[in-house]
Amino acid sequence: MGVSFWDDPYPIYKSFQERAAIFWDDALEVWVVTGRDAAGTVLRSTAMSSDWLNIESASREFPELEQMLRGWFLLKDPPEHTRLRRTMQSWFSRGRADSLAEEIQSVVSTHLDRVRGLPTVDLARDFASPVASGILARVLDVPDEVTVKAAEHLASVAKFLAQPYRREFAEQAADAVDRLNSLYRSLAPSLSRSSALFPLLDDDSLPPDTYLHTAHLVSFAGQETTAGLIGTGLLHLLHRPELYKEVAEGQADLEAVIEELLRFDTPVPQVPRVALSDVAVDGCTIRAGDRVLVVLAAANRDWANSEDADVLDFAREQKNIAFGAGIHYCLGAPIARKGALTAIRDWTTTFPETRLSPETVRWAVGTGNRGLESAVVQLA
């Protein structure tokens with residue numbers, strides 16, 4: 001898959017779904033799940049494991065990297081997953097996003113002010129990424145420079161996660177983990193009770209280094225997902241000037257806008273699973289030990305059930321599974337949605353005449369997330 005895939009992976013995803021809702025790929029030696037119903041079945045199945053580290057991975061040569069990944073509750077199964085998620089859920093309770101609304105607004109306003117008056121702005125580097133880092137800093141209750149530095153280190157981890165068999169990527173990620181460990185260890189003594197990480201320090205029954213490993217996970221997931229949604233969302237609106245204008249003039253249902261953007265271009269396009277036991281999905285039998293790749297982006301476009309799946313339509317009522325389903329549903333989804341809604345609303349109203357320079361658009365290559373590397377715009 002060349003650069004063109006990273007520019008627009010959806011023709012490939014569509015060809016997958018046209019082949020079948022679920023099929024075995026001999027080359028990849030994995031079940032590829034593209035259908036909406038099939039994806040939901042796999043994500044909710046207790047016969048599926050999120051612990052893909054048991055398959056071949058270069059992380060085994062680097063103890064710090066292996067230990068960090070094995071500490072991520074995202075890659076754990078019950079009961080370990082249940083225990084850690086419950087601890088974190090005490091902070092990510094219903095209404096947390098609303099309680100952060102003023103702080104999110106402040107972050108967005110700060111970064112809008114920083115670019116105001118500039119002749120050109122990079123949507124990804126000058127706005128989406130720093131806004132995501134700022135929101136994450138409020139979640140963790142740490143200085144902004146901490147989450148900015150963490151994002152730089154986690155870029156190496158993202159490359160490794162996309163291609164875990166590449167030893168050079170594992171080596172780079174291991175070095176990044178060492179730096180992240182130093183960064184978050186130095187913060188622990190002064191962490192306040194308002195931090196999402198504090199419950200981990202306040203529970204002596206948790207395994208050693210749970211605080212460090214979860215700090216890395218929250219930083220990684222929070223940064224990549226929110227920045228991706230803001231950046232790609234604004235880009236797709238700029239490709240459709242009439243929709244951009246509708247949002248800028250307050251004529252659109254903003255919650256519907258965010259849901260449609262999540263469906264249209266999913267920030268985390270696919271997630272892996274491993275079968276713990278035989279399980280039937282859409283007429284196919286997945287055997288114990290088989291690897292499974294759930295293509296969330298294909299399931300969300302859902303070409304099989306929509307004639308206009310490739311059209312951005314705010315009136316669409318179809319729900320999406322951009323943040324997963326089942327026990328691994330993203331804890332931070334409400335905050336990511338709130339952050340993207342605020343950023344996209346305020347950007348469009350502040351800069352209603354934004355013009356994109358199409359030749360500057362660069363998509364992130366070689367990561368497991370869908371996001372912009374750069375996209376330069378003129379503000380007036």
Side-chain angles (χ1 to χ4, degrees), residues 53 58-59 61-76 84 87-88 91-92 100 103-104 107 110-111 124-126 128-162 164 168-204 206-228 330-332 335-336 339 364 367-369 371:
L53 290 175
S59 64
E61 297 184 45
F62 303 95
E64 286 294 321
L65 175 60
E66 179 81 358
Q67 290 168 16
M68 181 199 75
L69 293 175
R70 290 199 174 278
W72 284 13
F73 65 83
L74 178 68
L75 304 180
K76 289 180 178 290
L84 284 172
T87 300
M88 292 301 294
W91 193 91
F92 288 94
L100 287 172
E103 292 182 80
I104 291 173
V107 169
T110 295
H111 289 287
R125 299 171 185 172
D126 298 332
S129 184
V131 165
S133 294
I135 293 172
L136 180 61
R138 304 312 184 272
V139 169
L140 302 182
D141 197 23
V142 297
D144 285 13
E145 54 265 29
V146 170
T147 51
V148 170
K149 182 62 68 176
E152 294 173 2
H153 298 326
L154 285 164
S156 296
V157 177
K159 287 178 62 178
F160 164 73
L161 289 174
E168 65 270 31
F169 289 172
E171 185 173 12
Q172 294 166 9
D175 180 66
V177 170
D178 285 338
R179 297 173 186 274
L180 285 164
N181 284 344
S182 297
L183 179 66
Y184 282 109
R185 279 197 182 100
S186 67
L187 290 172
S190 59
L191 209 62
S192 74
R193 288 183 174 274
S194 61
S195 169
L197 298 174
F198 187 82
L200 301 170
L201 294 174
D202 204 34
D203 189 343
D204 295 334
L206 294 174
D209 289 335
T210 296
Y211 156 73
L212 284 178
H213 300 155
T214 307
H216 303 162
L217 171 59
V218 173
S219 297
F220 175 75
Q223 176 70 30
E224 295 293 326
T225 303
T226 306
C330 178
L331 276 176
I335 295 174
T367 74
N369 297 295

Among all residues two or more places apart in sequence or in another chain, which pass the ring-ring contact (aromatic ring centres under 6.0 Å, His included) test with Trp72?
Phe220
Under the salt bridge (Lys or Arg N to Asp or Glu O under 4.0 Å) rule, what pairs show up with a residue in residues 188-197, not counting sequence neighbours?
none
Which residues pass the side-chain contact (heavy atoms from CB on, under 4.5 Å) test with [X], sequence neighbours left out?
X      : value
Glu168 : Arg166
Ala364 : Thr367, Glu373
Pro207 : Arg83, Thr210
Ala137 : Val142, Asp144, Thr147

Should Lys149 and Glu145 be marked as a salt bridge (Lys or Arg N to Asp or Glu O under 4.0 Å) after you check the CA-CA gap, both sets of side-chain angles, and the distance that decides it?
CA-CA 6 Å; Lys149 182 62 68 176; Glu145 54 265 29; over 6 Å; no
Across all chains, not counting sequence neighbours, the salt bridge (Lys or Arg N to Asp or Glu O under 4.0 Å) partners of Arg179 are Asp175
From Ile135 CD1 over to Leu100 CG, what is the distance, rounded to the nearest 0.5 angstrom?
9.0 Å
[X]: partners by side-chain hydrogen bond (donor to acceptor under 3.5 Å, both in side chains), with sequence neighbours left out:
X      : value
Tyr211 : none
Thr225 : none
His216 : Asn181
Ser182 : none

side-chain hydrogen bond (donor to acceptor under 3.5 Å, both in side chains) pairs touching residues 195-204, sequence neighbours excluded, are Asp203-Ser205
